[in-house]
Structure formats: structure tokens, C-alpha cells
Amino acid sequence: MAREAVWAVITAMYDAYRRGDRAGIDRLLHPEATIWDSVDPVLITSTAQLDKVRDARPADGPRETGVAAGDEVVDVWGETALARYLLRVDFAEGEPEIVRTTAVLRLIEGEWRIVHIHENTI
């Protein structure tokens with residue numbers, strides 16, 4: 001049951017991403033979450049820094065047509081969870097991008113929150 005709840009948080013994050021719902025994503029992140037984004041070499045350590053990375057993405061870059069997380073492996077140890085999965089990013093033109101991703105979650109006040117994400121394009 002806990003594994004399914006953790007995976008539901010991960011998939012909800014990408015559902016919010018597809019909708020362009022930053023607030024929806026941010027609700028799933030712990031306020032002090034850290035992120036190694038696949039396109040930025042600096043460790044993101046705040047929401048303000050995350051917003052700067054988001055805002056710097058080129059509007060005229062490759063047009064994404066979909067994102068899907070799968071091939072997940074989720075482990076839960078008490079109030080800590082580790083999710084490993086592949087994220088497929090499809091584009092209107094060209095080959096899809098595969099991003100190997102690891103997310104660490106903590107159970108805080110009855111809700112799973114993402115405390116760290118590490119993305120690596122392969």
C-alpha cells in the first residue's frame with residue numbers, strides 16, 4: 001500500500017507538469033527539497049531557485065508532446081521511500097529523451113512529500 005501511495009505522488013507530479021501546474025508540483029515537494037535537474041548543473045535548493053530554472057527554459061525549444069514515468073522500482077522503509085524510474089519525454093520532432101530518475105520521499109504528517117530528485121538523461 002505504501003509503495004502505491006509513493007508512486008501516486010510521482011505520477012501526480014508529472015500529471016501536474018503536463019497541465020503546466022507549477023503549484024500542483026510544488027504541493028508535492030517538501031519546502032526544503034533538493035533537485036538535480038537534468039538540464040541544469042547546479043543543485044536546486046529552494047523554490048525560488050527552481051522557479052529560475054523553470055523560467056530559463058527556452059520557449060522556442062523543442063516542443064514536448066508528452067511525458068511518462070515507468071519501469072518503477074519503489075522501496076519503503078518506515079517514513080522514507082526511494083523511487084527509481086525512467087521518464088520518457090516525447091517531442092513533436094526528433095527522438096524521445098529518456099531520463100533516469102531517483103526520488104526520495106518522506107512521510108510527513110500522513111502525506112508523502114518529495115525531498116530529493118536526481119535526474120540524469122541517458
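Only heavy atoms go into these numbers, but all of them, side chains included; no hydrogens, no water, no symmetry mates. Being a predicted model, the structure only gives us computed values, none of them experimental.
- The backbone N or O of Val74 lies less than 3.5 Å from a partner atom in the side chain of Arg3, making a donor-acceptor pair.
- In this structure, the separation between CG on Asp71 and OG1 on Thr101 is 11.5 Å, given to the nearest 0.5 Å.
- Under a 4.0 Å N-O distance rule, the pair Arg22/Asp55 qualifies as a salt bridge.
- Rounded to the nearest 0.5 angstrom, Trp36 CH2 and Leu43 CG are separated by 4.5 Å.
- With Leu29 as reference, Ile114 is the one residue of Ile114, Thr47, Val9 to meet the side-chain contact (heavy atoms from CB on, under 4.5 Å) rule.
- Residue pairs meeting the side chain to side chain donor-acceptor pair (under 3.5 Å) criterion with at least one partner in residues 103-116, sequence neighbours excluded, are Thr34-His116, Thr80-Arg106.
- Under the side chain to side chain donor-acceptor pair (under 3.5 Å) criterion, the residue pairs touching residues 12-21 are Tyr14-Tyr85, Asp15-Arg18, Tyr17-Glu64, Arg19-Asp21, with sequence neighbours excluded.
- Across all non-hydrogen atoms, the minimal contact from Val6 to Ala83 is CG1-CB, 4.4 Å.
- Here Val73 sits alone; no ILVMFWY side chain lies under 4.5 Å from its own, so it joins no hydrophobic cluster.
- Within the 4.5 Å cutoff, no side-chain heavy atoms of Ile35 are placed close to those of Val53.
- Looking at Leu50 and Ile25, their side chains never come closer than 4.5 Å, going by heavy atoms from C-beta outward.
- The hydrophobic cluster containing Val76 also contains Ile10, counting ILVMFWY residues as joined when their side-chain heavy atoms lie under 4.5 angstrom apart, directly or transitively.
- Side-chain contact between Gln49 and Asp40: absent, with no pair of heavy atoms (C-beta onward) separated by less than 4.5 Å.
- Cluster note: Trp77 groups with Leu82, Val104, Val115 through ILVMFWY side-chain heavy atoms spaced under 4.5 Å, whether in direct contact or through intervening members.
- Ionic pairing of Asp37 and Arg57 is present here: one or more N-O contacts between side-chain nitrogen and carboxylate oxygen are shorter than 4.0 angstrom.
- Hydrophobic cluster membership for Ile122: Leu86, Ile98 (Ile, Leu, Val, Met, Phe, Trp, Tyr linked by side-chain heavy atoms under 4.5 Å, directly or transitively).
- The salt bridge (charged side-chain N to carboxylate O under 4.0 Å, His left out) analysis of residues 76-90, with sequence neighbours excluded, yields the pairs Asp75-Arg84, Arg88-Asp90.
- The heavy-atom pair separating Gly24 from Ala16 by the smallest distance is C-CB, 3.9 Å.
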